[in-house]
Amino acid sequence: MDMSSRSFGLCDCDNFFVSCERRCDPSLNSRPVAVLSGNDGCVVSRSDEVKAMGVPMGAPYFKVRAQLERAGAVVLSGRLSLYNEISSQVMERVSRFSDLTEVYSIDEAFFNLAIASVGDPEKYCRLLRKDIMKNCGVPVSIGISATKTLAKLASKQAKRSESGVFWLKPGHYSSRAWMGAVELSDVWGIGRRTAERLNIYHRILSAYDFASADDLFLKKNFSAHALYTAWELRGRSVYPLSNAARAPKSIQVSRSFGCDVFSYKELLEAVSYFTLCAARQLRRAQSLASRMEVFVTTSPFKKDNFYARSEEREFPSPRSLDCDFLHAAREMLPSVYKEGHAYKKAGVLLSALSGAGCGVQSFLFGEKSESGAPYERLCAAAGVTDTINREFGRVVIAPADNFGTPGSRWHPLKEHCADNFAAGARRPCTASEAPATPIHARRSPALSPPKSKSSDIPSGGPIFPPNFVSGTPSHSAPVPS
């Protein structure tokens with residue numbers, strides 16, 4: 001059986017943030033719903049009803065507010081912590097249906113479909129779609145094809161199909177009629193500016209035109225990446241599946257404040273919190289940082305009194321402990337803070353990263369942290385703290401100054417949180433990186449997945465078909481160095 005035409009599947013959650021809100025509050029079903037970004041700035045997720053109104057993705061909320069109000073749309077502040085937890089549940093269900101899964105984003109995952117014992121991949125993916133809806137309460141669309149780029153196109157077509165699954169076969173991607181109807185801007189890997197340049201200067205208007213372009217022309221005038229995209233559109237796989245997490249090159253945590261911040265104390269509270277968030281991400285990535293930067297800025301729209309400044313610190317050896325980064329942040333902040341300015345944003349950047357398992361050149365008599373305690377003991381304590389926080393699903397153990405005053409000016413705006421829409425209907429609104437919560441606070445039951453009434457899906461391990469034999473995707477296309 002030739003399985004090269006169905007080597008990749010792409011599971012894409014439909015209107016993911018809106019679907020998560022509807023799972024928590026079924027009364028939102030069939031109603032126009034829009035979810036906003038941090039500080040209620042832009043529309044980042046729209047229900048089909050809001051899309052039909054012509055509200056574009058990423059539109060500033062103040063520009064479409066009147067239009068949404070006239071239509072009676074429900075506008076909600078984003079809850080990234082909720083979306084991350086539901087995303088983990090969806091990805092776990094996808095991994096049960098394949099031997100190899102690659103999480104691409106919070107609402108998308110590629111998975112291997114070159115499985116010899118799967119006779120009908122469309123039927124198999126419809127089973128996956130049903131399983132996710134039953135156990136996670138989130139609708140998904142699934143695209144099937146020979147490459148990742150084609151699977152992305154197939155998933156867009158699946159959103160318009162009744163079954164929610166579409167198999168993009170060789171008869172489709174080799175057809176001028178089918179691929180000619182796909183706009184260049186809809187192709188994964190081709191940005192807006194590149195599409196405009198191709199349209200204006202080279203008269204390449206569709207996916208078919210791009211796939212038919214000369215290889216040397218694409219590589220010379222654009223990049224090797226453009227050439228690889230053309231190969232993928234022709235059905236020649238270039239990008240294989242990989243479930244290995246990529247080590248970050250840098251880690252940045254920054255926020256725009258809900259209100260202007262004037263005092264040094266509030267700015268220090270915000271920077272300390274961002275520092276702890278960055279340190280947790282660093283340890284989660286099993287990395288160490290040798291450089292740290294703290295930056296502050298006022299609103300760029302107030303050009304008459306604009307101020308921005310940053311300070312950088314090099315460490316003698318790579319590190320990942322909260323106490324070290326907090327000490328450095330408190331030393332750097334006075335040099336960037338200037339009294340009299342209305343600060344709108346601050347952030348922390350950790351760079352010059354190295355793997356925690358690569359080994360570090362130690363000092364002759366052993367290195368100690370800024371607090372004077374041996375590094376081995378502090379690293380062990382940090383590992384225990386991170387484990388406890390993960391178990392509770394939020395920060396319950398943190399330095400004392402991280403338990404700041406609720407409602408500080410630097411906290412992001414949440415004027416459209418869930419409680420404002422239906423008091424008591426849903427769990428309390430929380431920010432994506434909410435301040436530390438006392439340990440006696442209980443987790444919300446709204447985060448628990450819906451209970452399944454059927455026992456046909458085992459609770460653990462893959463649910464491959466009988467006599468499962470893993471196939472290998474075809475990657476026959478040569479990749480130039």
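Side-chain atoms are counted along with the backbone in the values below, which use heavy atoms only and exclude waters and symmetry mates.
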Donor-acceptor contact below 3.5 Å, side chain [X] vs main chain [Y]:
{"X": "R283", "Y": "S320", "result": "yes"}
{"X": "S310", "Y": "F295", "result": "no"}
{"X": "T147", "Y": "L150", "result": "yes"}
{"X": "R234", "Y": "A211", "result": "yes"}
{"X": "K148", "Y": "P240", "result": "yes"}
{"X": "S88", "Y": "I86", "result": "no"}
{"X": "S161", "Y": "G164", "result": "yes"}
{"X": "S206", "Y": "A181", "result": "no"}
{"X": "N135", "Y": "D131", "result": "yes"}
{"X": "D214", "Y": "F217", "result": "yes"}

Practice task
Apply ring pair (Phe, Tyr, Trp, His ring centres under 6.0 Å) to Y343 and list each qualifying residue two or more places apart in sequence or on a separate chain.
Solution key: Y337

Handout entry: Listed partners of F210 passing ring pair (Phe, Tyr, Trp, His ring centres under 6.0 Å), at least two apart
Key =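 F210 satisfies ring pair (Phe, Tyr, Trp, His ring centres under 6.0 Å) with no residue once adjacent residues are dropped.
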
Identify the two heavy atoms, one from [X] and one from [Y], that lie closest to each other, and give their separation to 0.1 Å.
{"X": "P26", "Y": "R23", "value": "CD-O, 4.3 Å"}
{"X": "R22", "Y": "S47", "value": "NH2-CB, 3.5 Å"}
{"X": "S163", "Y": "R126", "value": "CB-CD, 4.1 Å"}
{"X": "L28", "Y": "V33", "value": "O-CG2, 4.0 Å"}
{"X": "A279", "Y": "D322", "value": "CB-OD1, 3.1 Å"}
{"X": "L233", "Y": "A207", "value": "CD1-O, 3.9 Å"}

Practice task
Answer with yes or no whether the side chains of T229 and E232 bring together a donor and an acceptor at under 3.5 Å.
Solution key: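 There is no such pair between these side chains.
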
Exercise for the section: Please check if any side-chain donor atom of Q281 sits under 3.5 Å from a side-chain acceptor atom of R284, or the reverse. Expected result: no

Practice task
Would you indicate whether the side-chain heavy atoms of Q252 and V348 approach each other to under 4.5 Å?
Solution key: no

Exercise for the section: Would you mind reporting whether V296 and K345 have side-chain heavy atoms less than 4.5 Å apart? Expected result: no

Handout entry: Centroid-centroid under 6.0 Å between F257 and H411 rings
Key = no

Exercise for the section: Under the side-chain hydrogen bond (donor to acceptor under 3.5 Å, both in side chains) rule, what do E21 and Y83 come out as? Steps first, then yes or no, please. Expected result: CA-CA 9 Å; E21 296 292 347; Y83 309 149; 2.7 Å; yes

Handout entry: Partners meeting side-chain hydrogen bond (donor to acceptor under 3.5 Å, both in side chains) with N39 (sequence neighbours left out)
Key = none

Handout entry: Sequence-distant partners of T275, side-chain hydrogen bond (donor to acceptor under 3.5 Å, both in side chains), two or more places apart
Key = none

Exercise for the section: Go through E108 and S105 one step at a time and tell me if the side-chain hydrogen bond (donor to acceptor under 3.5 Å, both in side chains) criterion holds. Expected result: CA-CA 5 Å; E108 291 179 289; S105 66; 3.3 Å; yes

Run the side chain to side chain contact (heavy atoms under 4.5 Å, CB included) test against [X] and tell me which residues pass, sequence neighbours left out.
{"X": "A289", "result": "L282, F325, L350, L353"}
{"X": "P170", "result": "S5, Y173"}
{"X": "S223", "result": "H225, A226"}

Problem - Charged N-O contact under 4.0 Å between D120 and R6 - result: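 No salt bridge links D120 with R6.
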
Exercise for the section: Run the salt-bridge test on D12 and K152 with the 4.0 Å N-O cut-off and return the result as yes or no. Expected result: no

Atom pairs and distances, donor-acceptor, side-chain atoms in residues 52-71, under 3.5 Å, two or more places apart:
residue	atom	partner	partner atom	Å
R65	NE	E69	OE2	3.2
Q67	NE2	M53	O	2.8

Distance (rounded to the nearest 0.5 Å) between [X] [atom1] and [Y] [atom2]:
{"X": "C11", "Y": "L128", "atom1": "SG", "atom2": "CG", "value": "5.5 Å"}
{"X": "S95", "Y": "F111", "atom1": "OG", "atom2": "CZ", "value": "11.0 Å"}
{"X": "L80", "Y": "N84", "atom1": "CG", "atom2": "CG", "value": "4.5 Å"}
{"X": "L349", "Y": "R291", "atom1": "CG", "atom2": "CZ", "value": "9.0 Å"}

Exercise for the section: Mind jotting down which residue pairs meet the side chain to side chain donor-acceptor pair (under 3.5 Å) criterion with at least one end in residues 180-197? Sequence neighbours excluded, please. Expected result: Y104-W188, R192-E196

Validation: residues 136-143 side-chain donor-acceptor distances under 3.5 Å, sequence neighbours left out:
residue	atom	partner	partner atom	Å
S141	OG	D14	OD1	2.8
S141	OG	D14	OD2	3.3

Exercise for the section: Over 60° means perpendicular and under 30° means parallel, so classify the ring planes of H172 and F166, tilted if in between. Expected result: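 Answer is tilted, since the angle falls between 30° and 60°.
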
Exercise for the section: Under the salt bridge (Lys or Arg N to Asp or Glu O under 4.0 Å) rule, collect the residues that match up with K156, sequence neighbours excluded. Expected result: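 Listed in chain order: nothing, the list is empty.
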
Exercise for the section: State which residues pass salt bridge (Lys or Arg N to Asp or Glu O under 4.0 Å) with D209; sequence neighbours excluded, sorted by chain then number. Expected result: none

Exercise for the section: Might you confirm whether atom NZ of K51 has over 12 heavy atoms from other residues, nucleotides or ligands at distances under 6.0 Å? Expected result: yes

